[in-house]
Asker: 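This is the structure I have questions about; it appears just below.
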Amino acid sequence: MTSVDESKEQAERARAKLEATLDTVRRRTRPEALLGSAKDEAKKQALKVGAAALANGRFRPVLALGIAATSIAYLFRNPLLKALNKRLGEGEKHD
């Protein structure tokens with residue numbers, strides 16, 4: 001083989017390798033893949049925070065209870081406000 005033929009084969013191998021790399025990058029950077037990675041990372045962090053909260057809750061139960069109650073009240077603020085307004089007779093006047 002001549003050096004020109006060897007160079008063409010080498011260029012073709014490099015091109016194929018580059019295309020494979022680009023396909024991998026495209027697959028990993030699709031919105032669905034990125035969202036999946038973000039969800040997985042968020043779950044890991046939530047588990048870490050939950051484990052730390054449980055560990056601290058054993059040493060400071062009153063503080064843990066207060067944080068839990070505040071978090072629950074925040075998460076369910078709209079249904080709680082609706083129920084409170086209904087109980088007070090003010091209808092659906094909340095934001």
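The analysis underlying the following values was restricted to heavy atoms, covering all of them including side chains, and did not include hydrogens, waters or symmetry mates.
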Asker: What pairs with Arg27 under salt bridge (Lys or Arg N to Asp or Glu O under 4.0 Å), at least two apart in sequence or on another chain?
Answerer: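 So Arg27 forms no salt bridge (Lys or Arg N to Asp or Glu O under 4.0 Å) with any residue.
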
Asker: Checking Arg13 now: which residues fulfil side chain to side chain donor-acceptor pair (under 3.5 Å) with it, not counting sequence neighbours?
Answerer: none

Asker: Suppose we screen for salt bridge (Lys or Arg N to Asp or Glu O under 4.0 Å). Which residues come up paired with Arg15, at least two apart in sequence or across chains?
Answerer: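 By the salt bridge (Lys or Arg N to Asp or Glu O under 4.0 Å) rule, Arg15 matches Glu12.
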
Asker: Please name all residues satisfying side-chain contact (heavy atoms from CB on, under 4.5 Å) with Gln45, sequence neighbours left out, ordered by chain then number.
Answerer: Glu41, Lys48

Asker: Quick one: side chain to side chain donor-acceptor pair (under 3.5 Å) partners of Glu19, sequence neighbours excluded?
Answerer: none

Asker: Hydrophobic side-chain clustering at under 4.5 Å (ILVMFWY, transitive links): who's grouped with Ile67? Put none if nobody.
Answerer: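 Taking Ile, Leu, Val, Met, Phe, Trp and Tyr as members, Ile67 shares its hydrophobic cluster with Leu63.
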
Asker: Given the rule that I, L, V, M, F, W and Y join up when any side-chain heavy atoms are under 4.5 Å apart, are Leu65 and Ile72 in one cluster?
Answerer: no

Asker: List the residues meeting side-chain contact (heavy atoms from CB on, under 4.5 Å) with Val62, not counting sequence neighbours, and say none if there are none.
Answerer: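 Listed in chain order: nothing, the list is empty.
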
Asker: Considering residues at least two apart in sequence or located in another chain, which fulfil the side-chain contact (heavy atoms from CB on, under 4.5 Å) criterion with Leu22?
Answerer: Leu18, Arg26

Asker: So does Gln10 have more than 12 non-hydrogen atoms from other groups sitting under 6.0 Å from CD?
Answerer: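 Not buried by this count: 12 neighbours or fewer within 6.0 Å.
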
Asker: Using 0.5 Å steps for rounding, measure from the CG atom of Leu75 to the CZ atom of Arg77.
Answerer: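 Those atoms lie 8.0 Å apart.
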
Asker: Who pairs with Thr29 by side-chain contact (heavy atoms from CB on, under 4.5 Å), at least two apart in sequence or on another chain?
Answerer: Val25

